[in-house]
Amino acid sequence: MMKHISIEGSSKTVSQLIMGGDHFSESKYDLVSSLLDTFLANGGNTVDTAHQYGEDGASEKAIGRWMKERGNREQVVILTKGAHHDETGRRVNPQAITHDITESLKRLQTDYLDMWALHRDDPNVPVEVVIDVLNEHMNAGRIRAIGASNWSYERIQAANEYARSQGMKGFTFSSTNLSLAKMIVPRWEGCVAADEATCAWHAKTGLPLLSWSSLGGGFMAGRFSPEQRDNEEMVRTYYSEANWQRLERTKELAAQKGIPFVQLALAYVLHQPFPTCALVAAYSAQELHNNLAATDTTLSPEEVRWLEYGEQ
């Protein structure tokens, strides 16, 4: 049964599995609408997208069309992101933030966004500037909850300390990478993975973490092998002896439990000592059902530690 968590600011609870919509478009709308229908029917309610996903906002437009056709806007939690850098450079500034929020609202055919996150950070921009403009949009009712994707926990903490000092609203969630497959180097420029210090901070503060690429770009789904080296991005980011060992331990424990190992890899993300959700992209009905089954998998703290470190 799908579990949900609460995120301050959102009037709806958030399903622990979040449907990743980075590959959505109206050109394959039949598949998109079928996946979203199945996701909703199985207790999922949260869809992740971004201003930059797809040509001319294809992902947001497909989701907006689906919600309008189904008349289900109030049953769906929309998480979208903006202010991603582009060919002109970094865009973490009030003008870009306002532009992207305004455009996302139009594409999604809605007058509010349940959750909105900065897609990247620019450490040269003071947190005060970001918090000020986002509070303007929240006060206007355009956004319910704000968060940061690919921000360090130190920057999130600084932003929230400023917000509290001014009686304003701060970030109520973070979206970084969290997976059994640990990045050797950042997969893309400016992306952030949750290391031990980050996880310790989340455990201390209780701030929810919404993990993108929870299966390590397919690494924990078994799509790669040490001999397969044609994907330079994956080799550079994930090919380490420690990650291959984590994959083998995942397969071993999954066999003992009698479940597909991809479910166990997702369950790891959902069994942290702080609130978590896993963003997962499904490209077929079978992949979606495999992902959904992860919410029924239980792991003990000892099993979580063994999967990650190989020790009890």
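Nothing fancy with the numbering, it's 1 onward along the sequence. Note that the structure is predicted; figures quoted are calculated from it, not measured.
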For the residue pair [Y] / [X], report whether a side-chain donor-acceptor contact shorter than 3.5 Å exists.
{"X": "E60", "Y": "S104", "value": "yes"}
{"X": "T80", "Y": "H51", "value": "no"}
{"X": "S10", "Y": "R144", "value": "no"}

Between [X] and [Y], is there a donor-acceptor pair closer than 3.5 Å when you use the side chain of the first and the backbone of the second?
{"X": "S15", "Y": "N45", "answer": "yes"}
{"X": "T49", "Y": "S59", "answer": "no"}
{"X": "Q166", "Y": "Y162", "answer": "no"}
{"X": "R155", "Y": "D122", "answer": "yes"}
{"X": "H23", "Y": "G54", "answer": "no"}
{"X": "E303", "Y": "S300", "answer": "yes"}
{"X": "R120", "Y": "N150", "answer": "no"}
{"X": "Q272", "Y": "Y268", "answer": "yes"}
{"X": "T46", "Y": "V14", "answer": "no"}
{"X": "R91", "Y": "H84", "answer": "yes"}

Is it the case that R187 places NZ or CZ above or below the six-membered ring of Y238, under 6.0 angstrom from the centre and within 45 degrees of the axis?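 Ring-cation test returns no.
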With a 4.0 Å cut-off, would you call [X] and [Y] a salt bridge?
{"X": "K106", "Y": "D111", "value": "no"}
{"X": "E189", "Y": "R90", "value": "yes"}
{"X": "E103", "Y": "K61", "value": "no"}
{"X": "E308", "Y": "R249", "value": "no"}
{"X": "K81", "Y": "D48", "value": "yes"}

I need the minimum non-hydrogen distance between K3 and T295, along with the two atoms involved. NZ-O, 3.3 Å
Would you say the rings of [Y] and [X] are close, in the sense that their centroids are separated by under 6.0 Å?
{"X": "H289", "Y": "F39", "value": "no"}
{"X": "Y153", "Y": "H202", "value": "no"}
{"X": "F171", "Y": "W151", "value": "yes"}

Would the number of heavy atoms belonging to other residues, nucleotides or ligands and lying under 6.0 Å from [atom1] of [X] be above 12?
{"X": "E161", "atom1": "CD", "answer": "yes"}
{"X": "Q256", "atom1": "CD", "answer": "yes"}
{"X": "E196", "atom1": "CD", "answer": "no"}

Cluster question for you: counting only ILVMFWY and a side-chain heavy-atom cut-off of under 4.5 Å, with indirect links fine, are M2 and L299 together?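 Linked, M2 and L299 end up in one cluster.
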Does H119 form a ring-ring contact (aromatic ring centres under 6.0 Å, His included) with H85? I'd like the steps, not just the answer. CA-CA 9 Å; H119 208 161; H85 51 69; 8.6 Å; no
Relative to each other, are the rings of F219 and Y239 parallel, tilted or perpendicular (30° and 60° limits)? perpendicular
Could you please spell out the steps behind the side-chain contact (heavy atoms from CB on, under 4.5 Å) verdict for W66 and R70? CA-CA 6 Å; W66 172 73; R70 300 297 189 269; 3.5 Å; yes
Determine, step by step, whether S27 and S25 satisfy the side-chain hydrogen bond (donor to acceptor under 3.5 Å, both in side chains) criterion, reporting the C-alpha distance in whole Å, the side-chain angles of both residues, the deciding distance to 0.1 Å, and the verdict. CA-CA 5 Å; S27 64; S25 70; 2.7 Å; yes
Sequence-distant partners of F224, ring pair (Phe, Tyr, Trp, His ring centres under 6.0 Å), two or more places apart: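 F224 satisfies ring pair (Phe, Tyr, Trp, His ring centres under 6.0 Å) with no residue once adjacent residues are dropped.
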